[in-house]
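Some notes on the structure that comes next.
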Amino acid sequence: MRNSGKYLVVIAGPTAVGKTDIAIQIARKFDTEIISADSRQFYCEMTIGTAKPDAMQLAQVKHHFIGQLSIHDYYNVSIFENQVLELLNSLFQMHDVVIMAGGSGLYIDAVCQGIDDFPDPKPELRKYLKGIYLDEGIVKLQEMLLQLDPEYYAVVDFQNPNRLLRALEVCHTTGRKYSEQRSNHSKMRDFEIVRIGLNLPRPELFNRIGLRVDQMIVNGLVQEVKSLLPFRHLNALNTVGYKEIFEYIDLEITLEQAIEDIKTHTRRYAKRQLTWFNRTNEYTWFEPSQLNEITSYLSIIHK
RNA sequence: GGUGUCGUAGCUCAGUUGGUAGAGCAACGGACUGAAAAUCCGUGUGUCACUGGUUCAAUUCCAGUCGACACCA
């Protein structure tokens, strides 16, 4: 296999494990830049609740895809894939190594393996299908998909409205079956990919999550969420740390309860992330304290 | 001190007219190609407070003990 000499070093792991610091240290060793793959740190209005890198950290290494969007913008994985590839193209002009760090598995995989190219559905179609779901329930969506694409119906998680809605909107938009258009193979990339997973023993990770949530409150999470109250219906704000504070503002729960809920929901999110990263054996795992081990592992790049 | 109610899963509580028990939440596991910090699926983990008694059989009935709460002194 041809070796391009260009490397994308992916640093993935559950939330709060310490990806930011490791990414910065590795980026400095390679004198390169960091691409964030964190689907909530994209939004400029969401800072405290997403634990974005702080000003000091951002000053040490150039970060991309942090706060480049507004919560009012439309965005999706495919756009991310294309934008990152474009950016990598220019970064690899100057660097042999680029770091991509984040916790959004789907977004990371879209960059590493690609995602099929589908036309965007018209907003009216999305609204129409959503309306059917709300009025007639999931069974109606199941019936529609069975009609349009029985092959996908046979394999889809048919209790998951999001999956059904997506398949239906693709069928309607393209006039072809969703299943016919899904490829099973990865896109070729003209750079090498090295995947590093960061993890900690469960109790330690959960402890860090608890401390970080407490810190978010100290840093003013409630204020940040209050300022976003008018936009609570936006998808970007359907996010751990924001939903719970909305409930507190609504006086449905106490602040103490909201904080506990955020911690609980963040722990479950971390578990889901680990499940995603462990789907394949592509990651080599380290603890965040093993910077030296990670560095020596990455020395394979220098050969 | 007396009377009453209660004691069941990590938590809140159902339930068994006597045949060793189940919901929600939590926890744990998983799925996931354009909302992904989203969305969805699966799993019960238990000395039914303790000790005796009645019974073929007690978590269930009876007695006592302990604990919690309420009321009365």
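What you see is a predicted model; the values in this text were computed from it and never measured. Below, chain A is the first sequence line, B the second, and so on; all start at residue 1.
Scanning residues 232-255 of chain A for heavy-atom distances under 4.0 Å to RNA chain B yields A:N235, A:N238, A:T239, A:V240, A:K243. Less than 4.0 Å separates RNA chain B from at least one heavy atom of each of the following residues of residues 126-155 of chain A: A:R126, A:K130. At a non-hydrogen distance threshold of 4.0 Å, nothing from residues 208-230 of chain A comes into contact with RNA chain B.
Side-chain atoms of A:Q215 and A:N219 form a donor-acceptor pair, as typed in the model, at a separation below 3.5 Å.
Between A:Y283 and A:F277, the two ring planes are perpendicular [angle over 60°; tilted spans 30° to 60°].
A:N82 comes within contact range of no nucleotide atom at all, as no heavy-atom separation falls under 4.0 Å.
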**Request:** Give RNA chain B the dot-bracket treatment, 5' to 3': Watson-Crick (N1-N3 with N6-O4 or O6-N4) or G-U (N1-O2, O6-N3) under 3.5 Å, [ ] crossing, | other strand.
**Result:** (((((((..((((.....[..)))).(((((.......))))).....(((((..]....)))))))))))).
**Request:** Encode nucleotides 23-29 of chain B as B, S and - characters from 5' to 3', where the letter depends on protein heavy atoms closer than 4.0 Å: B to the base, S only to sugar-phosphate, - to neither.
**Result:** ---SSSS
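Residues passing the salt bridge (charged side-chain N to carboxylate O under 4.0 Å, His left out) test with A:R202: none are found, sequence neighbours excluded.
Within the structure, every pair that satisfies the salt bridge (Lys or Arg N to Asp or Glu O under 4.0 Å) test and touches residues 209-221 of chain A, not counting sequence neighbours, is listed here: A:D214-A:K263. Applying the ring-ring contact (aromatic ring centres under 6.0 Å, His included) definition to pairs two or more places apart or across chains, those involving residues 202-256 of chain A are A:H72-A:F231. Applying the salt bridge (Lys or Arg N to Asp or Glu O under 4.0 Å) test to residues at least two apart or on different chains, none of the pairs has a partner in residues 27-54 of chain A. Applying the salt bridge (Lys or Arg N to Asp or Glu O under 4.0 Å) test to pairs two or more places apart or on separate chains, those with a residue in residues 144-170 of chain A are A:R126-A:E169, A:E151-A:K177, A:R166-A:E169. Sorted by first and then second residue, the salt bridge (Lys or Arg N to Asp or Glu O under 4.0 Å) pairs involving residues 57-79 of chain A (not counting sequence neighbours) form an empty list.
Residue side chain A:N160 reaches the base of B:U39 through a donor-acceptor N/O pair under 3.5 Å, judged by distance alone.
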Quick one: side chains of residues 132-143 of chain A, donor-acceptor pairs under 3.5 Å with protein atoms, not counting sequence neighbours, listed by atom name and distance.
unit_1, atom_1, unit_2, atom_2, d
A:Q142, NE2, A:F158, O, 2.6

